[in-house]
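We name chains A, B, ... by the order of the sequence lines, and we start the count at 1 in each one.
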Number of protein chains: 2
Amino acid sequence: MAAKSEQTRQLVADVALKMFREIGFEKTTMRAIAQEAGVSVGNAYYYFASKDELVQELYIQVQDEHAVTAAQALEGVQDLAGRLKAVLHTGVDVMAPYHQFGSDFIATAIRPSSPVNPFGEASTAAREASLAIFRSAVEGSSPAVAKKLRGDLPELLWLAYMGVALFWVYDKSESQRRTRKLIDGAAPLVARGLSLAKIPGVSKVFDDVLGLVRSVKEDSE
Amino acid sequence: MAAKSEQTRQLVADVALKMFREIGFEKTTMRAIAQEAGVSVGNAYYYFASKDELVQELYIQVQDEHAVTAAQALEGVQDLAGRLKAVLHTGVDVMAPYHQFGSDFIATAIRPSSPVNPFGEASTAAREASLAIFRSAVEGSSPAVAKKLRGDLPELLWLAYMGVALFWVYDKSESQRRTRKLIDGAAPLVARGLSLAKIPGVSKVFDDVLGLVRSVKEDSE
DNA sequence: GGAATGTTTTGAACGTGTTCAAGAATGAGT
DNA sequence: ACTCATTCTTGAACACGTTCAAAACATTCC
């Protein structure tokens with residue numbers, strides 16, 4: 001049966017994530033993981049081709065949890081500002097246990113070749129899941145977002161979320177207070193900024209921004 | 001005389017930067033640098049405490065070059081959009097020889113503990129120099145930028161520049177065509193966006209954005 | 001049962017960045 | 001010229017991530 005194999009894999013992953021949380025990324029060596037899990041180093045590598053892949057395991061788990069908690073937090077919240085706050089705050093919540101590990105994670109994730117790179121192919125599933133959260137935040141809001149923005153907005157918000165995550169990594173205030181402050185301040189501002197799209201003079205600028213985003217995006221395919 | 005010592009330091013740095021450019025970051029091992037320079041590994045470490053510090057050497061050099069070429073490119077250009085383009089294009093120009101090396105550089109630079117981290121203490125000088133370029137781009141523009149924006153704008157533009165650099169790293173199009181396109185599209189849009197600050201309804205949003213930026217910034221001190 | 005095939009596990013070995021005790025070279029003071 | 005302290009230089013050694021041939025175990029088929 002495949003159960004035994006899966007059990008070893010799960011054991012290695014669990015031990016690794018626990019050690020990441022408790023002693024950080026660098027101190028969690030492959031040898032230490034193997035020893036703690038009671039397997040050989042080579043065996044850990046049989047299931048995870050690199051230390052990065054163990055980070056990917058963490059990334060997926062965090063994303064899954066975000067999807068659940070965000071969906072809960074969105075219930076009953078109507079306005080876009082509130083919905084944005086809900087998604088961003090829960091995002092920070094699920095990352096919190098790994099804050100000390102954040103900078104190592106980002107350093108790993110930002111490398112195009114990394115399986116954890118949020119723009120990369122290996123994390124398509126995780127990215128889509130994350131995007132879906134923002135899409136739901138936008139689509140479920142009332143008053144509704146201007147039609148012409150609705151298509152691209154989730155992706156732009158997701159991008160902004162990556163920025164928030166980066167800010168969070170650098171945030172040394174206790175409990176990452178500053179990141180919370182940023183979210184609380186920025187969410188209503190984004191909502192208000194978007195509502196300006198109705199003003200004639202502003203509308204054209206919005207159109208051009210969207211046009212630029214699309215043209216730069218298309219060019220890559 | 002200190003000349004002999006300085007000579008060795010310079011030799012190691014030159015060899016390292018040359019190898020970074022020609023064979024990339026990972027293949028440029030400390031042993032290879034030492035051998036090519038004709039010194040021992042330990043000796044290279046006497047001058048540079050880590051491989052990262054050799055990257056810092058590169059960072060400083062690139063920044064210096066940017067300051068020079070940007071100042072040239074700004075001459076005779078009046079409008080903000082043009083000045084922004086000048087600064088951003090020259091920025092990409094000086095980085096160009098290191099494009100293949102870009103992702104490793106960013107992965108190194110993004111780690112808060114790295115001497116090359118653009119937000120960190122070790123690169124205060126380089127960051128100030130870079131900020132000064134943007135300050136000059138803003139202050140020298142006519143028609144002038146709205147007074148209330150003038151103070152914070154350079155810093156925000158510098159931040160956007162970091163974003164452009166990140167985009168550039170991921171840009172796989174030949175000669176990084178897409179990054180050029182992004183710059184050409186975004187620069188006039190930023191200028192036009194800023195001119196909207198005069199519209200009453202928009203003005204308040206601008207004020208709040210600035211207020212948020214300041215409050216989040218202050219909190220860190 | 002037993003061979004053949006496929007899956008899982010092992011631990012030694014490699015090349016890496018980095019450290020450090022020891023030694024060589026240099027310079028200052030007398 | 002001769003100390004003595006300071007500055008440079010060396011190369012072996014360490015822990016790390018990663019690889020891989022070989023062994024152990026499991027499964028399938030006759």
Candidates [options] - which lies nearest the side chain of [X]:
| X | options | result |
| --- | --- | --- |
| A:Y45 | C:dG17, D:dT19, C:dT9 | D:dT19 |
| A:S40 | C:dT18, D:dG17, C:dT10 | C:dT10 |
| B:M30 | C:dT10, D:dT18, C:dT18 | C:dT18 |

>> Under a 3.5 Å distance rule, please check whether B:R111 uses its side chain to pair with a backbone N or O of A:A107 as donor and acceptor.
In response: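 Between the backbone of A:A107 and the side chain of B:R111 there is no qualifying donor-acceptor contact (under 3.5 Å).
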> Which part of the nucleic acid, if any, lies within contact of A:V41, taking any heavy atom under 4.0 Å across all strands shown: a base, the sugar-phosphate backbone alone, or nothing?
Replying inline: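 Since a base atom lies under 4.0 Å of A:V41, the category is base.
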> Are A:T90 and A:H66 linked by a side-chain donor-acceptor pair shorter than 3.5 Å?
Replying inline: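 Present: a donor and an acceptor within the cut-off.
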> Do we see a donor-acceptor contact under 3.5 Å between the side chains of A:S173 and A:D171?
Replying inline: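 Yes - a donor-acceptor pair under 3.5 Å links their side chains.
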Distance in angstrom units between [X] [atom1] and [N] [atom2], rounded:
| X | N | atom1 | atom2 | value |
| --- | --- | --- | --- | --- |
| B:R9 | D:dT7 | CZ | C1' | 16 Å |
| A:Q7 | C:dT9 | CD | P | 10 Å |
| A:Q35 | C:dG11 | CD | P | 12 Å |
| A:K27 | D:dG17 | NZ | P | 14 Å |
| B:K51 | D:dG17 | NZ | P | 16 Å |
| B:Y47 | C:dT18 | OH | P | 18 Å |
| A:Y46 | C:dT8 | OH | P | 4 Å |
| B:L11 | D:dT9 | CG | P | 10 Å |

>> For B:W168 together with B:F105, are the ring centres under 6.0 Å from each other?
In response: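 Distance test on ring centres: not under 6.0 Å, no.
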>> Let me spell it out: for each of A:S50 and B:V39, pick the nucleotide of DNA chain D with the closest heavy atom. Which residue's pick is nearer the 5' end?
In response: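 With A:S50 and B:V39 compared, the 5'-side residue is B:V39.
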> Is B:T8 near enough to D:dC8 that one of its side-chain N or O atoms lies under 4.0 angstrom from OP1 or OP2?
Replying inline: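 No.
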> Is B:N43 near enough to D:dT10 that one of its side-chain N or O atoms lies under 4.0 angstrom from OP1 or OP2?
Replying inline: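 B:N43 to D:dT10 OP1/OP2: side-chain N or O found under 4.0 Å.
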> Can you find a donor-acceptor N/O pair under 3.5 angstrom joining the side chain of B:R31 to the base of C:dG17?
Replying inline: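 For B:R31, whose side chain was compared with the base of C:dG17, there is a donor-acceptor pair (under 3.5 Å).
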> Hey, mind stepping through A:D14 and A:R9 against salt bridge (charged side-chain N to carboxylate O under 4.0 Å, His left out) and telling me if it holds?
Replying inline: CA-CA 9 Å; A:D14 287 348; A:R9 200 199 125 94; over 6 Å; no
